[in-house]
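Counting starts at 1 for both ligands and their atoms, following the listed order.
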Amino acid sequence: MPDGGRPSGRPAGGYWIATWGCQMNVHDSEKLAGALADQGYVPASGPEEADVVLLNTCSIREKASEKVFSELGRLKPLKEQRPEMVLGVCGCVAQQEGEAIFKRAPYVDLVLGTRATGTLPRLLPDLRAGTASGACDTEVRDDSIRFPFDRIRREGEATGKAFVTVVEGCNHRCTYCVVPRTRGPEICREMETVLAEVRSLTARGVVEIEFLGQTVNAYRDGEGRTLADLLAAAAAVPGVERLRFTTSHPAQMTDRLMDAMRSASPTVCPYLHLPVQSGSSRVLRSMRRGYDREGYLAKIEGLRRRIPGISLGTDVIVGYPTETEDDFRETLSLLDEVEFDTLYAFAYSTRPSTAALQLGDPITQAEKLDRLARLQEHQRAIQQRRAQRWVGQEVEVLVEGRSKLQASSWTGRTPHGRRVNFAAATAPGRRERVRVVSATAYSLRGALAPPPA
Ligand code: SAM
Ligand code: SF4
């Protein structure tokens, strides 16, 4: 088979990819799958059946990072049994650790960094043939963002949804965060290429597009076009019913972007994930977030003024080295003030080569977990209360699949990002009108709304 060429006839083998972490990692796995499918590989049902096993890893917190090594330990006997199987580590841990992975797990064949996905087709034939081993590519490339979009093997496509990368990397320097190291500096795609991808997706039946970037609202292409321009242009593409974008940085949430969200509404969904990290201006300054509590609240006010009823989500870190009990209480009071609909909360975890390492890790794990539990309980009550506003309302649900809670029910999301479970004769990718009958802090339950008279 020629290098990178399409094989004819029998499949080149089976592949299995395990993914940890954020939407960007999920989407990178779709690119890795696309690169493998392009070489004639087909998905395997598990690592036991696969000729190529890839672990696409996350290193945002130590626990996530360590999971990779326990998974490698689990795969070691399989690799010993079938030495011809190619075992690779990709993603953020690969970028962070590089060749050091071979020292800890010498049976690994391949280490592929976050900006080297496109190298896989070149490295794989020799690894499969056994003429090479211990391949490592962690070069930070500028062309990493230009993975051919027609080759991406998208998991969500059958459900009418697709991720589209618009920015890769991050130019911020939040003191606690390893991402600038693991994903490199920001690089943006040209707007025309993004729109070409959007058009090719709608032609295949995709109705919901989610633009991705570690700081997606930093988007600015070579012609100076920003996320505001991109949203306006993408919302005008026939077939685009829902547009989302994640993750936004509060400091870059400009008035112009908020205006664009309003103008392109309701195609731009009334939901925004805007990570605050802390409610204390003192902690935010120490984290080098580039905004304070008042600045963040002003953005929330600007969003709610333009898009009444918008749902909001956020991320919070508890136990950051300088966080006192009073600072933590300020975070609790910020939750009361904003009333988020979704919260992702994390205990601070020290990360290699980050500025916050200098501050030590003075808050005990027990104290961090105590704050985490209090924060989550506080938010649960807010979410429980806020969710009640949906009861009795009719909402549009884009169906994702069977509900995990009840096999006879279906599940999907509303434009506001609320999960809805309901019983009906439907299928993934369909949009249904559902009347909400009950609500918990985490999901809604409903029934198909009667068709309009
Ligand atoms: N770019 C996004 C932003 O600026 O908010 C965040 C992306 S990061 C992949 C996702 C979340 O992980 C962050 O919002 C933060 O809450 C959390 N996180 C990052 N570093 C962390 C650390 N060292 N310990 C605990 N949580 C962390
Ligand atoms: Fe990490 Fe800050 Fe960049 Fe978000 S903005 S990825 S938290 S450095």
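With Thr175, Asp315, Thr314, Ile317 as candidates, the residue nearest to atom 11 (C) of ligand 1 on a non-hydrogen basis is Asp315.
Within ligand 2, the atoms closer than 4.0 Å to a non-hydrogen atom of Pro180 are 8 (S), numbered from 1 in the order shown. Near His249, meaning under 4.0 Å from any of its heavy atoms, are these atoms of ligand 1: 4 (O). Of all atoms in ligand 1, listed by their number and element, those nearer than 4.0 Å to a heavy atom of Thr247 are 2 (C). Listed by number with element, the atoms of ligand 1 under 4.0 angstrom from any heavy atom of Arg351 are 23 (N). Near His249, the atoms of ligand 2 lying under 4.0 angstrom from a non-hydrogen atom of the residue are 5 (S). Annotation for ligand 1: atoms under 4.0 Å from non-hydrogen atoms of Tyr348 are 24 (N), 25 (C). Within ligand 1, the atoms closer than 4.0 Å to a non-hydrogen atom of Gln277 are 5 (O), 13 (C), 14 (O), 15 (C), 16 (O), numbered from 1 in the order shown. Residue Thr215 approaches ligand 2 through these ligand atoms, each under 4.0 Å from one of its heavy atoms: 5 (S).
At the top of the distance list for atom 8 (S) of ligand 1, counting protein heavy atoms only, stands Ile60 CD1, 3.7 Å. Closest to atom 3 (Fe) of ligand 2 among all protein heavy atoms lies Cys170 SG, 2.3 Å. With respect to atom 1 (Fe) of ligand 2, the closest heavy atom belonging to the protein is Cys177 SG, 2.3 Å. Remark: minimum distance from atom 25 (C) of ligand 1 to any protein heavy atom is reached at Ala347 O, 3.4 Å. For atom 26 (N) of ligand 1, the nearest non-hydrogen atom of the protein is Arg61 NH1, 3.3 Å. Shortest contact from atom 4 (Fe) of ligand 2 to any protein heavy atom: Arg289 NH1, 4.2 Å. Among protein heavy atoms, atom 2 (Fe) of ligand 2 sits closest to Cys174 SG, 2.3 Å. The closest protein non-hydrogen atom to atom 7 (S) of ligand 2 is Tyr176 OH, 3.4 Å. Given atom 23 (N) of ligand 1, the protein heavy atom at minimum distance is Ser349 O, 2.8 Å.
With no hydrogens or angles considered, a side-chain donor-acceptor pair links Arg256 and Thr226 at under 3.5 Å. Residues Ser280 and Arg293 have side chains that never bring a donor and an acceptor to within less than 3.5 angstrom of each other. When only modelled atom types and interatomic distance are considered, Asn421 and Thr411 share a side-chain donor-acceptor pair under 3.5 Å.
Between Asp143 and Arg146 there is no salt bridge, since no side-chain nitrogen of the basic residue lies less than 4.0 Å from a carboxylate oxygen of the acidic one. One finds a salt bridge joining Arg306 and Asp255 here, because a Lys/Arg side-chain nitrogen approaches an Asp/Glu carboxylate oxygen to under 4.0 Å. Arg183 has no carboxylate O lying under 4.0 Å from a charged side-chain N of Glu168, or vice versa, which leaves the two without a salt bridge. Salt bridge absent: Asp38 and Arg153 never bring a charged side-chain N and a carboxylate O closer than 4.0 Å. Under 4.0 Å is where a charged nitrogen must lie from a carboxylate oxygen, and between Arg351 and Glu62 no such pair does. We find that Arg74 and Glu71 are joined by a salt bridge, their nearest charged nitrogen and carboxylate oxygen being less than 4.0 Å apart. The existence of a salt bridge linking Glu192 and Arg225 is confirmed by a sub-4.0 Å separation between a basic side-chain nitrogen and an acidic carboxylate oxygen. The pair Arg189-Asp221 fails the salt-bridge criterion, with no side-chain N (NZ, NE, NH1 or NH2) lying under 4.0 Å from an Asp/Glu carboxylate O. In summary, Glu330 and Arg282 do not engage in a salt bridge, as defined by a charged side-chain N under 4.0 Å from a carboxylate O. In summary, Glu210 and Lys161 do not engage in a salt bridge, as defined by a charged side-chain N under 4.0 Å from a carboxylate O.
Within the structure, the closest approach of Cys174 to ligand 1 does not fall below 4.0 Å when heavy atoms are considered. Using 4.0 Å as the threshold, Arg183 has no heavy atom nearer than that to any atom of ligand 2. For Met24, the closest heavy-atom approach to ligand 1 does not fall below 4.0 Å.
The proximity of His172 to ligand 1, defined as any non-hydrogen pair under 4.0 Å, does not occur for either the backbone or the side chain. Contacts between Cys170 and ligand 1 below 4.0 angstrom, taking non-hydrogen atoms only, are absent altogether. Residue contacts with ligand 1, taken as heavy atom pairs separated by less than 4.0 Å, involve Gln214 via backbone and side-chain atoms alike. Of the heavy atoms in Tyr176, both backbone and side-chain atoms come closer than 4.0 Å to ligand 1. Looking at Lys63 against ligand 1, nothing comes within 4.0 Å, counting heavy atoms.
Between Arg289 and ligand 1, a contact under 3.5 Å exists for at least one N or O pair.
Between Tyr344 and His273, the ring centre distance stays below 6.0 Å. When ring centroids are compared, Tyr348 and Tyr320 come within the 6.0 Å threshold.
At least one cation-pi condition fails for Arg418 and Trp390: the charged atom is not both under 6.0 angstrom from the six-membered ring centre and inside a 45 degree cone around its axis.
Taking the six-membered ring where tryptophan is involved, the planes of Tyr296 and Phe340 are tilted, since the angle between them lies from 30° to 60°.
Distances from atom 2 (C) of ligand 1 to the protein include at least one heavy-atom value under 4.0 Å.
Residue His172: no N/O/S atom is found under 2.8 Å from atom 2 (Fe) of ligand 2.
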